[in-house]
Chemist: 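Handing you this structure, nothing more for now.
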Amino acid sequence: MATTLLNFGRAKTYVLMPIKLRDELDRLTDLIVSRGLQDDPDIRQRLAWCHVQVEQLHCQNLRLATRLTDGHEPGPQAAVVELLTSEYHRKATELAMDVLGLDALTPTGDPSPNWYCTDDAGAPNTSASWTSVYLNARAATIYGASSQIQRGIVGEMLLGLPKEPRPRPAAVP
């Protein structure tokens, strides 16, 4: 019963996360336009990458939510979603920092109330909001079960790669 309840909680997260990421992407687009950087080729390319990633995460998350509501364990596919989410969020907030430029060094306004994921829909596009989300996105690549560990899970369990060699313990004299 506990596993079933946990899976429903995970399914909710898998369904809601892409919505939050889209809201944040809309805020990022608004920030870019407000700074007059919408015609910068580098900014446009990075923003397009963000759009593709959010759509990909939406599809991946729906697939995982369906598995969970059908009573299956998330399996190693959850590692893919965790890795893609944390890496996307890190790069999207790095783009926001680049758009803010020097304003990111002296944040003004209210910081984000969220410490673990995207900012709330309708949150102000202030430098303090973006910098706090940026710092948390950097940490998410670690506390989201380290991106390096997630890559290992994907490689071993989904791609069938051999396990990473482990160092042998030193012999005791």
Side-chain angles (χ1 to χ4, degrees), residues 7-69 74 77-151 154:
N7 283 343
F8 277 116
R10 286 180 182 162
K12 177 183 166 192
T13 299
Y14 292 134
V15 170
L16 293 179
M17 183 53 70
I19 295 168
K20 289 182 73 73
L21 292 176
R22 279 190 181 137
D23 289 341
E24 184 178 70
L25 187 56
D26 289 343
R27 289 180 57 243
L28 178 57
T29 303
D30 291 344
L31 180 68
I32 289 169
V33 170
S34 73
R35 298 286 175 132
L37 296 172
Q38 66 271 17
D39 295 327
D40 181 296
D42 179 55
I43 299 292
R44 290 175 62 86
Q45 182 177 8
R46 291 167 67 189
L47 184 62
W49 180 88
C50 289
H51 277 281
V52 170
Q53 294 303 307
V54 168
E55 290 306 313
Q56 177 185 3
L57 283 166
H58 176 71
C59 294
Q60 292 283 348
N61 281 324
L62 285 179
R63 209 167 85 187
L64 266 178
T66 302
R67 280 187 58 79
L68 290 172
T69 55
Q77 291 85 0
V80 172
V81 169
E82 191 70 44
L83 178 62
L84 290 175
T85 301
S86 63
E87 293 296 318
Y88 157 77
H89 201 223
R90 181 181 58 81
K91 288 184 179 184
T93 56
E94 284 174 0
L95 174 56
M97 293 298 97
D98 290 345
V99 168
L100 286 170
L102 293 176
D103 289 341
L105 297 176
T106 56
T108 59
D110 292 329
S112 172
N114 294 321
W115 60 271
Y116 63 94
C117 81
T118 65
D119 214 343
D120 294 329
N125 253 345
T126 64
S127 56
S129 178
W130 279 109
T131 54
S132 61
V133 171
Y134 164 75
L135 293 172
N136 292 325
R138 306 280 303 169
T141 61
I142 299 167
Y143 71 68
S146 174
S147 292
Q148 194 62 33
I149 291 170
Q150 298 295 356
R151 284 185 184 92
V154 169

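What you see is a predicted model, and the numbers here were worked out from it, not measured in a lab.
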Chemist: Test your reading of the model: is there a side-chain donor-acceptor pair from S129 to the backbone of P111, 3.5 Å cut-off?
Modeler: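 No, the answer is negative, given that no donor and acceptor are paired below the 3.5 Å cut-off.
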Chemist: Looking at side-chain heavy atoms only, is the closest gap between D98 and L37 below 4.5 Å?
Modeler: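 No, side chains not in contact.
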Chemist: Any Lys/Arg nitrogen of R35 or D30 sitting under 4.0 Å from an Asp/Glu carboxylate oxygen of the other?
Modeler: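 No, no charged N to carboxylate O under 4.0 Å.
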Chemist: Looking at N125 and R27, would you say the former's side chain and the latter's main chain have a donor-acceptor pair under 3.5 Å?
Modeler: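 Side chain of N125 to backbone of R27, a donor-acceptor pair under 3.5 Å: yes, one is there.
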Chemist: Side chains of W130 and E24: does their closest heavy-atom pair fall under 4.5 Å?
Modeler: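 W130 vs E24: side chains touch.
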Chemist: Specify the closest pair of heavy atoms between G109 and A128, including all atoms of both residues, with the distance to one decimal.
Modeler: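 Between these two residues, the closest heavy atoms are O-CB, 3.2 Å.
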Chemist: Taking R90 first and then E94, would you say they form a salt bridge - that is, a charged N and a carboxylate O separated by under 4.0 Å?
Modeler: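 Yes.
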Chemist: Please tell me if the side chains of M97 and T131 come closer than 4.5 Å, counting only heavy atoms from C-beta onward.
Modeler: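 Contact flag for M97/T131 side chains = yes.
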Chemist: Walk me through it: do T29 and H51 pass the test side chain to side chain contact (heavy atoms under 4.5 Å, CB included)?
Modeler: CA-CA 10 Å; T29 303; H51 277 281; 4.0 Å; yes
Chemist: Go through I43 and Q38 one step at a time and tell me if the side chain to side chain contact (heavy atoms under 4.5 Å, CB included) criterion holds.
Modeler: CA-CA 7 Å; I43 299 292; Q38 66 271 17; over 6 Å; no
Chemist: Scan T93, L25, V52 and name whichever one has a side chain to side chain contact (heavy atoms under 4.5 Å, CB included) with Y88.
Modeler: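 Among T93, L25, V52, the one meeting side chain to side chain contact (heavy atoms under 4.5 Å, CB included) with Y88 is L25.
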Chemist: For D42 and R46: C-alpha separation, side-chain torsions, deciding distance, then whether salt bridge (charged side-chain N to carboxylate O under 4.0 Å, His left out) applies.
Modeler: CA-CA 6 Å; D42 179 55; R46 291 167 67 189; 3.4 Å; yes
Chemist: Looking at R22 and D26, does any basic side-chain N land under 4.0 Å from a carboxylate oxygen?
Modeler: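 Not counted as a salt bridge, because no side-chain N and carboxylate O are separated by less than 4.0 Å.
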Chemist: Kindly check if the number of other-residue, nucleotide or ligand heavy atoms within 6.0 Å of CG (L105) is above 12?
Modeler: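 Yes, because the 6.0 Å sphere around CG of L105 holds more than 12 heavy atoms from other groups.
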Chemist: Would you say that D110 contacts T126 through its side chain, given a criterion of any heavy-atom pair below 4.5 Å between the two side chains?
Modeler: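 Not in contact.
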Chemist: Side chains of L31 and L100: closer than 4.5 Å at any heavy-atom pair?
Modeler: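 Of all side-chain heavy-atom pairs linking L100 with L31, at least one is under 4.5 Å.
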Chemist: Could you tell me if the side chain of L21 sits less than 4.5 Å from the side chain of Q53, heavy atoms only?
Modeler: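 No, their side chains stay 4.5 Å or more apart.
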Chemist: Just how far is it from atom CG of L95 to atom CD of Q45, taken to the nearest 0.5 Å?
Modeler: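 L95 CG to Q45 CD: 11.0 Å, rounded to 0.5 Å.
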Chemist: Within this structure, what is the CD-SG distance for the pair E55 and C50, rounded to the nearest 0.5 Å?
Modeler: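 Those atoms lie 12.5 Å apart.
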